[in-house]
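Inspection log for the structure reproduced underneath, given as structure tokens.
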Amino acid sequence: MLSQEERGLKLPNGSSPDQAKLGLGHIHPITIAINRISSIFSRMGFDTVDGPELENEWHNFDALNVPGDHPARDMQDTFWIKDMRSKNKYGEDVGYVLRTHTSNMQIRAMEKYVAEGRDFPLAICCPGKVFRNEATDATHEAQFYQIEGFYVAKDSSLSMMVGVMQKLFSEFFETDIVIRLRSSYFPFVEPGNEFDMQCFKCKGSGCNICKQTGWIEIGGAGMVHPRVLEAGGINPREYRGFAFGCGIDRMVMLKYGIDDVRLLYNGDLRVVNQF
Amino acid sequence: MKFSKQWLQDYIVETLPENEVVVDTLNKKSFEVEEVTSLPNDTVYDIKVLPNRAHDALGHRGMARELCADLGLTFKEDSRVEKRDDFTNSLVPAPVLSVNDAKFCSRFMSMRIDGVVVEESPEWLKTRLEAIGQRSINNIVDATNYVQFALNKPMHAYDTRSIKGTLATRFAKSGEVLTTLDDKELALDEKTLVIADEEKSLGLAGIKGGKHSGINEDTTSIILESANFNPSLIRKTSQRYDLHTDASKRFENGIANSLIEEGLYMTANLIKELCKDVEGSVATDVYLRKDTKYHVGISLSELNMILGTTYTNNDVESTLRRLSFSFEKIIPENYITETYKAVVGVPYKNPSSMREDAPHAFNCSSLISYLYKGIWMPSISVDKYVFSERVKLEELRFGDLVFANSGEGKIYFESVEFLRGTKVPEGVDHVGMYLGGGKIVHSTRVHGKVVVESMEEFSATRKIVGYGRVVENLKEERYVVNVPSERLDIRIKEDLAEEIGRILGYEKLVPVLPKLSRVGLVHKRLFYEDKVREILLNHGFSEVMTYTFGSEGEVSIIKGLAGDKEKLRVSLRKGMEESLKLNVHNAPLLGQKVIKIFEFGNVFTKDSEIKKLAFALGGGTKKDNFGEEAKSIVKEIGETFGVDVSKFVSCEEKPCITEIDFDAVIEKLEEPKEHEVLTYQFLLGSSYKTVSPYPFALRDIAVFVGSGTGEDAVKEIIKSEAGSLLTRIEMFDKFEKDSKISYAFHLVFLSQEKTLSDIELDEIMNRVTNALNSKEGWQVR
């Protein structure tokens with residue numbers, strides 16, 4: 001019997017010129033990465049979910065323990081939407097934003113689980129487009145893709161989060177990867193972390209990819225804040241969760257050595273045809 | 001914020017280790033160090049302090065405490081924060097203060113100091129401030145600044161002459177104007193909290209001082225202000241006036257009221273050092289809303305479950321000591337047993353708050369929270385009901401909660417703060433604690449005090465609606481930490497888990513995987529998208545991604561990146577057009593005659609977000625019938641899904657762009673039952689070639705060769721002569737004549753470094769031509 005991975009092999013392997021000869025097109029590297037990540041998560045038992053890019057303030061901020069007047073709102077430069085308002089589930093007036101992270105899916109996934117009365121663990125990954133209102137350059141885009149890993153169960157722990165991360169990054173970069181947590185702060189997690197991966201190229205000895213440090217900064221992570229579980233309708237006395245998120249663009253750029261993120265979004269086949 | 005290593009050293013007994021160790025430790029355990037700068041006698045660390053630690057670590061003292069915990073060093077206090085009477089003279093009139101509302105100003109302290117001499121600051125003070133990027137002004141202003149960056153407590157000094165009567169916090173009057181220290185005129189509104197005397201506003205509370213009352217060279221008497229303001233109010237005001245200062249940053253994050261007195265005394269003591277012959281008034285203190293003590297508890301097993309570790313009691317205790325957290329060890333069952341007896345008879349008071357009123361008065365729920373010291377639970381009774389685990393009457397044991405509906409007054413039918421809005425049809429307005437043997441302790445309006453009653457007595461005036469359990473094991477020991485007042489970030493057990501986890505080191509975590517006995521499924525939309533990708537790829541289409549922002553659309557962004565990027569796309573058409581244009585232009589470089597692209601993307605209307613698919617064809621020749629090909633693809637998608645797709649399609653002929661409402665197409669399709677996505681082998685990291693920012697150049701060449709010569713032999717010679725700038729070579733014509741063959745090639749040249757000039761290209765072409773002509777019987781045409 002074929003493995004999940006092999007069954008997914010719908011296209012011939014090989015380099016791009018061969019594909020052109022066969023008359024086959026090319027998939028965008030972001031899609032390749034999303035599919036690959038989704039498969040890795042799937043083998044760990046995580047579903048892949050999808051959700052809105054235009055999100056209400058409650059799902060993007062308030063429910064994630066980032067209330068309106070909190071300085072943590074400044075941590076992300078936000079695109080606010082003009083003349084668009086609705087009510088959250090408590091009947092409170094909320095505005096709209098282009099989601100600043102895929103963490104909105106934490107809340108949506110919990111709400112869905114609770115509404116459908118599904119059994120825990122809740123284990124999902126959410127790839128998706130996110131937006132930041134900041135000047136663009138070779139490493140910053142106003143739109144980019146993130147992947148979020150999210151797990152809620154009675155046995156959830158920081159060590160388990162590191163286990164999932166190591167599996168994801170090792171399989172994605174096709175080499176054993178060590179993940180390192182650093183202490184940090186995001187209002188929706190406690191403890192809160194940033195995480196680095198040991199450089200996939202030099203394995204920690206220092207090279208141009210990791211700027212001679214042996215480590216590459218990847219994303220944010222932590223144990224889901226009890227208030228976030230509550231906002232999703234889950235009693236934090238019974239369940240704990242972990243969540244981590246990082247940029248897919250960054251993973252793709254690192255993996256292939258793409259030097260300018262903007263090349264991914266201008267519809268340029270000079271890039272896509274190499275995949 | 002910038003921190004001086006010498007300044008930090010003041011607070012640490014041992015000598016700080018070398019910079020590399022300090023930086024590496026801070027990075028892992030505490031904060032990101034963004035920059036390290038060496039000065040002649042000091043090192044400056046630029047450290048990114050995030051909002052959770054802006055309460056304590058935006059000052060050298062707090063950062064030094066952090067370093068002590070991180071590195072296992074010994075903290076020493078600067079005794080200037082203590083009240084000293086050596087220059088107090090009761091003849092100096094103490095400032096009279098008034099606070100309009102404790103909600104906006106929780107504490108206001110002040111002191112008048114006479115006999116000051118305003119002059120240049122001594123060298124040590126100037127050096128300190130300059131090291132962290134602050135300009136030295138004069139000794140008085142520098143003293144207030146020094147305290148701000150030492151304690152994380154903004155301070156302000158007024159010239160006594162400029163203040164008439166009572167110093168007050170109040171809201172500004174409409175039309176009031178304030179000139180700030182930096183000569184800006186602000187028109188104040190009624191939502192703005194100001195510090196004012198009897199005549200006028202003196203400054204924006206917590207943000208910026210006014211020019212009128214500032215310190216001058218001839219100032220001889222000053223009034224110090226040390227106050228604490230509502231974080232949310234300061235944040236809103238600072239945003240409204242677009243005034244962001246060192247002070248507003250600290251107040252908007254919130255600081256402890258203990259800093260108000262420490263800041264005042266430290267400033268006064270420092271001024272006494274700087275100007276020898278000063279006399280100070282007694283301090284005035286208006287402290288209307290007292291900070292309450294927080295006790296946060298965690299058990300060893302809870303800690304290890306959150307972190308996924310096997311730490312021991314020793315690990316926990318030594319870490320709490322390193323953090324200078326005082327703690328007690330409590331076994332809840334014993335604690336509750338001893339404590340409830342001590343509070344029987346204490347008066348009932350409603351409303352009452354556990355933190356403010358206990359143990360002198362209780363309502364029903366504050367009593368429970370009090371008895372469960374070090375175990376977090378929501379405060380009001382209905383929330384405790386929703387929070388706790390339901391148990392049956394026959395399972396009831398010591399410490400369980402007994403919930404009741406008294407049928408009188410306000411009965412809650414849904415939760416208020418915890419899992420807000422959870423329905424409780426049975427209604428709850430009262431809670432007691434079961435003690436075993438049929439006894440309940442509760443604080444009740446009926447008796448006006450805390451009483452122990454039998455279940456029968458308890459239920460005589462109210463209906464019991466349910467029983468709840470808070471923790472599984474009441475005999476398990478807990479560490480209950482007496483949270484240091486500045487640490488406003490430590491309120492729940494997860495906060496303690498972080499403190500202990502990071503100090504012990506996250507590198508000690510042993511990774512494990514969750515045991516999920518299933519394969520994850522993929523969202524329906526992504527599942528069916530890949531089915532379409534497969535079809536399009538087989539037709540030679542390549543996937544692109546374009547921008548969500550544009551100049552056309554129904555949904556607008558309030559402040560976009562540029563004028564033409566303020567709308568969200570309502571269609572993928574624009575992106576497709578631009579991508580087609582770009583790629584048709586690059587067609588020779590791509591080696592494609594026809595450009596075929598597609599995109600999956602979300603588009604936005606006033607009331608919906610839809611996933612659309614667009615595919616487009618461009619380039620080619622007149623002979624290509626793009627319209628037919630597009631139609632056949634639409635048909636194939638429809639057949640694959642068994643859906644009549646045509647009604648969801650909009651087509652354009654020039655350029656040929658087909659757009660499909662993908663959400664509508666898949667709406668009725670079933671949910672995927674297995675995980676299936678397109679996967680194929682990854683490119684090796686090194687095989688991606690950077691896209692050149694320079695234009696490519698085209699040259700053609702045709703050559704006659706002998707009849708036995710193949711295409712490849714000619715290509716080889718061209719390639720080797722043309723060198724690395726030749727990016728693509730493609731034969732476009734071949735014919736035989738008089739036992740000779742003619743081959744014609746398109747050559748595409750591209751440099752990664754520059755735009756290629758005609759001269760350079762001509763040189764290359766000459767080289768190629770000569771090389772070809774030099775072959776026996778070959779002739780370039």
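Computed from a predicted structure; not experimentally measured. Numbered from 1 within each chain, the chains take letters A, B, ... in sequence-line order.
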Is chain B contacted by the side chain of [X], its backbone, both, or neither, given a heavy-atom distance below 4.5 Å?
{"X": "Ile34(A)", "answer": "neither"}
{"X": "Pro226(A)", "answer": "side chain"}
{"X": "Phe41(A)", "answer": "neither"}
{"X": "Phe131(A)", "answer": "side chain"}

Flag the one option from [options] with the top tally of heavy-atom pairs under 4.5 Å to chain A.
{"options": "Asn602(B), Val512(B), Leu509(B)", "answer": "Val512(B)"}
{"options": "Leu419(B), Leu589(B), Asn304(B), Asp495(B)", "answer": "Leu419(B)"}
{"options": "Asn27(B), Thr422(B), Thr548(B), Leu526(B)", "answer": "Thr548(B)"}

Shortest non-hydrogen contact from [X] toward [Y]:
{"X": "Asn586(B)", "Y": "Asp268(A)", "value": "ND2-OD1, 4.2 Å"}
{"X": "Gly267(A)", "Y": "Ser579(B)", "value": "O-OG, 2.7 Å"}
{"X": "Asp69(A)", "Y": "Ser232(B)", "value": "OD2-OG, 2.5 Å"}
{"X": "Gln143(A)", "Y": "Thr546(B)", "value": "NE2-O, 3.2 Å"}

Contacting region of Val510(B) [heavy-atom separation from chain A under 4.5 Å]
backbone
Is the side chain of Asp47(A) donor-acceptor paired with the backbone N or O of Leu521(B) at a distance under 3.5 Å, no angle test?
yes
Are side-chain N/O atoms of Tyr547(B) and Glu141(A) paired as donor and acceptor at under 3.5 Å?
yes
Side chains of Asn52(B) and Glu190(A): do they bring a donor and an acceptor to under 3.5 Å?
no
Tell me which of these, Leu54(A), Val162(A), Val49(A), Val164(A), has more heavy-atom pairs under 4.5 Å with chain B than the rest.
Leu54(A)
Name the member of Gly163(A), Ser183(A), Pro29(A) that forms the most heavy-atom pairs with chain B at distances under 4.5 Å.
Ser183(A)
Apply salt bridge (charged side-chain N to carboxylate O under 4.0 Å, His left out) to the pair Glu92(A) and Arg420(B), showing each step before the final yes or no.
CA-CA 13 Å; Glu92(A) 294 158 344; Arg420(B) 193 173 154 196; 2.3 Å; yes
With Glu414(B), which residues qualify under salt bridge (charged side-chain N to carboxylate O under 4.0 Å, His left out), at least two apart?
Lys423(B)
Test side-chain hydrogen bond (donor to acceptor under 3.5 Å, both in side chains) applied to Asn266(A) and Glu578(B), step by step:
CA-CA 8 Å; Asn266(A) 58 1; Glu578(B) 279 169 20; over 6 Å; no
Qualifying residues under side-chain contact (heavy atoms from CB on, under 4.5 Å), relative to Pro378(B), sequence neighbours excluded
Trp376(B), Asp383(B), Phe387(B), Phe418(B)
